[in-house]
There are 2 protein chains.
Amino acid sequence: MSAPVRIGVIGLGTVGQGVVRLLKNNAAEITRRVGRPVVVTDAATRTPGRARDCNLDGVQMWDDAGRLVREADVDIVVELIGGTGVARELTLAAIARGKPLVTANKALLAEAGNEIFAAAADADGVIGFEAAVAGGIPIIKAIREGLAGNVIDGIAGIINGTCNYILTQMALRGQSFTDALADAQRLGYAEADPTFDVEGVDAAHKLAILAALAFGMPLAFDDIAIEGITAVTPQDIEIAQVFGYRIKLLGIAKRGGDGVELRVHPTLIPDDTLLAKVDGVLNAVVVHGNAVGEVGFYGRGAGGDATASAVVADILDIARALSAEARHSVPALAFQPDALRPLPVISIRDAQSAFYLRLRVADEPGVLSQITAILAAHEISVEAILQREPRGGEDATIALITSVIAEHRFGDALEEMQKLPFVRSGAMRLRVEKFD
Amino acid sequence: MSAPVRIGVIGLGTVGQGVVRLLKNNAAEITRRVGRPVVVTDAATRTPGRARDCNLDGVQMWDDAGRLVREADVDIVVELIGGTGVARELTLAAIARGKPLVTANKALLAEAGNEIFAAAADADGVIGFEAAVAGGIPIIKAIREGLAGNVIDGIAGIINGTCNYILTQMALRGQSFTDALADAQRLGYAEADPTFDVEGVDAAHKLAILAALAFGMPLAFDDIAIEGITAVTPQDIEIAQVFGYRIKLLGIAKRGGDGVELRVHPTLIPDDTLLAKVDGVLNAVVVHGNAVGEVGFYGRGAGGDATASAVVADILDIARALSAEARHSVPALAFQPDALRPLPVISIRDAQSAFYLRLRVADEPGVLSQITAILAAHEISVEAILQREPRGGEDATIALITSVIAEHRFGDALEEMQKLPFVRSGAMRLRVEKFD
Ligand SMILES: NC(=O)c1ccc[n+]([C@@H]2O[C@H](COP(=O)([O-])OP(=O)(O)OC[C@H]3O[C@@H](n4cnc5c(N)ncnc54)[C@H](OP(=O)(O)O)[C@@H]3O)[C@@H](O)[C@H]2O)c1
Ligand SMILES: NC(=O)c1ccc[n+]([C@@H]2O[C@H](COP(=O)([O-])OP(=O)(O)OC[C@H]3O[C@@H](n4cnc5c(N)ncnc54)[C@H](OP(=O)(O)O)[C@@H]3O)[C@@H](O)[C@H]2O)c1
């Protein structure tokens, strides 16, 4: 086995702990993907002694993040402290030392990104920042690489989960802004000082990054027109619904004839669009490209594990690039060719799901009870059932949805039902999936 | 300027012509992304003389695709003829010659992928196949790279647009399968022989690819349990709706205790899930990772331009990898650092959108007519309006949605309205966006 890729993590808060957990928990598959282990060898926090919700065995702890950046024997530095002060210095120091850097810090990139990316370009540095926008959704990679063939015309995104949670509560429960905010704070979806979120600043940080990627322009955070959600009332949300709209805080970047529009504001969007249906803390981004048309992405925009997913994606991109020539840095089937392993495919007869069943039956008394008796005998419970009188012809319809069960067990019950004299041929059986 | 990356395209049908168009139309931005022009220099079809819906000036035409692969001076070969016969030979020949290959051919990869990827691994070859699954949605890259930190637990996708179109028509218009299929054929959404689509084979081809990427297993097309949509009746769709479900053809890949489940079948899914709301020819894929939770993707699954978007994304990945060391092959801000260009940001006052306006007004006669007169005088038309009697207090509410207009023009009208004696302070004004 080749030598591990060594990671130094600065900041062990919500995201930092998530990164340590993820690299540990998923280590076996990560090694199969990269071809080498990827290991957190060093970490820095202000309070290195404090207990953390992650396993730090064997990790060298630093109380001076600057020293970690300047001295630690790591291959990749990960900045997860936030803010634009110390984080900026650490970032520039990592670039100066030639260390690839991964960050989730949208404030830093929006406000000092032009300086940072210029420093990186001068020093041949590498910066990964997938986690800075829309948490676990791989939207940076999608825009930068997946949609790179397109001239991108516009982007619209629900990119602040706090605001989306508040607006959702206001819409679905009729809460006031203040009450919804208090709930969000109680649930950990909003900070004690929620200003950056509810005033749209955080969304604007992310929009600045998205616009740069989409349009090939420097970061232009200062040019974004920003309006938050504090003035939105339940009455506006309710009237919008009457008109057929939902109100969402959107970040919008659009090419116009003479330039680009960059704005963050509460927006009425038609309620039959997919963006309108993205509720709660979820984030979603819609990108319009001149070849692909509209492409949409949704998922968790925050939280330690979801954000760590994005941080680690960047770490693995860099780890692979450090380990192979460019054209081979991403294995075709995601895992290294020699790490593919056949997995037994479970027979469909053993696959578990709920079932939908529709039977044509004679319109006689006792039919329903005999059918349900067979299901009960097979320990299949019924979640929903519907019986319909004959329409025109002489057969009635019984349709039902079962509890989750292996197909072969459902099949046994069905076979018995089909032997009942009043059940006609042509039963329809479909699977039901709930993705819980 | 550095030398162009030379592309040889085999097959100039729906997708091939889209690729040629895209590389030509978006050439300027593509050069800024890659750092070099990317140019189609060679193309092969069976009938090279035939007129095509793309500009082939300066493209060397071949009538023997095998010769193009073996002899043409190209950097990347793109296979867009389809099928598993000639396409397989051309693919293996390109690998043998050491040419990176891009393909949209899901049938080929599902059925001969293990042979092809093994050949590529032996020969240090590169294969891009983003377009083989879900057309323009960058789902391959998302799973392979964007979610690489996760152990992926499951994938569920609407990955056949033909079936989704038919099921949507059946659901929304009550059409029979046969009638919906006939419509799909008329509109070009279904082939003359629709068997591969409606029987679920095409979806299974794509599922085999997704499962390999997600689980690190070889392609296992033969192990997929496949059921098509031909037996689904409008009655089933209608009853499913009564139960709170939509019926979609899904490809499902799931890790179970003892292996994986791989199946394609019509499936009842709860009608409040986002997947249930993806209608028509759109595709959508939901991925569940152990860190990120659920992430969803939707967009156009077929069509020349959308599919070309994915083909070109692969071409650009390879083009960049041929042009730089691994760690610099993807520029941080998507475009090469020296190709970033400031774009004028349009003042929010000039940004066009529709507006929502809510006013508190005295409950007097003539109020509505004076407000609408002001809007008319400013050439702003009203798309929806609602007037409400006072509730409790003494003020009535007027809310309306305008036509699309620049903010400063709307602002002028609003200022006039606010001077009307019966209009109270505290007007609420929000933007409305429709993303047409
Ligand atoms: N939380 C999310 O869901 C989320 C989502 C997307 C992006 N992000 C971004 O991710 C970054 C981290 O966020 P977080 O929520 O994980 O923050 P957090 O929970 O507040 O954790 C911050 C960590 O940084 C450490 N730290 C602060 N200043 C330091 C210094 N000078 N030297 C060393 N360590 C220092 C803290 O140390 P102590 O523990 O010793 O106090 C703490 O461990 C931020 O840029 C944020 O915007 C967060
Ligand atoms: N269409 C879509 O929306 C879509 C979406 C995703 C993936 N795909 C995949 O993309 C691939 C191409 O699909 P398509 O719809 O573009 O196909 P198409 O419209 O049928 O075009 C096929 C092209 O290949 C050429 N061709 C066939 N056999 C050839 C040979 N032996 N030598 C040279 N050229 C040959 C044809 O030449 P002539 O023009 O001279 O007859 C034609 O130009 C397929 O693998 C398909 O599964 C298509």
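Values reported hereafter were calculated over all heavy atoms of this structure, with side chains retained and with hydrogens, waters and symmetry mates removed. Letters go in sequence order (proteins before strands), and every chain restarts at 1.
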Do you know which of [options] has the most heavy-atom pairs under 4.5 Å to chain B?
| options | answer |
| --- | --- |
| A/Ala321, A/Ala306, A/Gly216 | A/Gly216 |
| A/Val38, A/Val151, A/Leu147 | A/Val151 |
| A/Leu282, A/Leu274, A/Asp350 | A/Leu274 |
| A/Gly299, A/Gly149, A/Ala220 | A/Gly149 |
| A/Asp314, A/Asp236, A/Leu316 | A/Asp236 |
| A/Ala225, A/Ala384, A/Ala121, A/Gly256 | A/Ala384 |

Hey, are the side chains of [X] and [Y] touching, using non-hydrogen atoms and a 4.5 Å cut-off?
| X | Y | value |
| --- | --- | --- |
| B/Glu433 | A/Leu268 | no |
| A/Val295 | B/Pro138 | yes |
| A/Arg431 | B/Arg263 | yes |
| A/Tyr356 | B/Ile247 | no |
| B/Thr267 | A/Leu430 | no |
| A/Leu333 | B/Phe215 | no |
| A/Lys434 | B/Ile269 | no |
| B/Pro331 | A/Phe117 | no |

Residue part contacting chain B, namely of [X], when any heavy atom lies under 4.5 Å:
| X | answer |
| --- | --- |
| A/Asp317 | side chain |
| A/Tyr245 | side chain |
| A/Val19 | neither |
| A/Ile143 | backbone |
| A/Gln336 | neither |
| A/Leu213 | both |
| A/Thr397 | side chain |
| A/Val232 | both |
| A/Phe243 | side chain |

Item to complete: Using distance alone, with no hydrogens and no angle criterion, decide if A/Asn26 and B/Asn290 have a side-chain donor and acceptor under 3.5 Å apart.
Response: yes
Part of [X] within contact of chain A (heavy atom distance under 4.5 Å):
| X | value |
| --- | --- |
| B/Pro337 | side chain |
| B/Ala148 | both |
| B/Val311 | neither |
| B/Phe129 | side chain |
| B/Thr273 | neither |
| B/Gln352 | backbone |
| B/Ile224 | neither |
| B/Ala118 | neither |
| B/Ile139 | neither |
| B/Arg429 | both |
| B/Ala214 | backbone |
| B/Val286 | side chain |
| B/Leu400 | backbone |

Could you give the distance from [atom1] ([X]) to [atom2] ([Y]), rounded to the nearest 0.5 Å?
| X | Y | atom1 | atom2 | value |
| --- | --- | --- | --- | --- |
| B/Leu343 | A/Asp258 | CG | CG | 11.5 Å |
| A/Asp305 | B/Asn150 | CG | CG | 9.5 Å |
| B/Ile226 | A/Ile348 | CD1 | CD1 | 10.5 Å |
| B/Leu340 | A/Asn114 | CG | CG | 8.0 Å |
| A/Lys141 | B/Lys141 | NZ | NZ | 5.0 Å |

Item to complete: Report the C-alpha distance between B/Lys277 and A/Lys277 in whole Å, list the side-chain angles of each, state the deciding distance to 0.1 Å, and finish with yes or no for side-chain contact (heavy atoms from CB on, under 4.5 Å).
Response: CA-CA 9 Å; B/Lys277 291 164 181 159; A/Lys277 291 165 181 159; 3.1 Å; yes
Worksheet item: For A/Ala332, does its backbone N or O pair with a side-chain atom of B/Arg144 as donor and acceptor, under 3.5 Å?
Response: yes
Item to complete: Take B/Thr233 and A/Arg358, measure what side-chain contact (heavy atoms from CB on, under 4.5 Å) needs, and give me the verdict at the end.
Response: CA-CA 11 Å; B/Thr233 67; A/Arg358 175 175 55 75; 3.5 Å; yes
Closest-packed option against chain A by number of heavy-atom pairs under 4.5 Å, given [options]:
| options | result |
| --- | --- |
| B/Ile209, B/Asp223, B/Val312, B/Ile315 | B/Asp223 |
| B/Val330, B/Thr307, B/Ile30 | B/Val330 |
| B/Pro266, B/Ala120, B/Gly18, B/Ser353 | B/Pro266 |
| B/Leu262, B/Ile127, B/Asp124 | B/Asp124 |
| B/Glu294, B/Glu130, B/Gln235 | B/Gln235 |
| B/Ala231, B/Ala142, B/Ser329, B/Ala308 | B/Ala231 |

Worksheet item: Which atom names give the shortest non-hydrogen contact between B/Ser309 and A/Val292, and what distance separates them?
Response: OG-CB, 3.6 Å
So that I can tick it off, tell me whether [Y] and [X] are bridged by a salt bridge, with the cut-off set at under 4.0 angstrom between side-chain N and carboxylate O.
| X | Y | answer |
| --- | --- | --- |
| A/Arg388 | B/Glu238 | yes |
| A/Arg255 | B/Glu29 | yes |
| A/Arg33 | B/Glu145 | no |

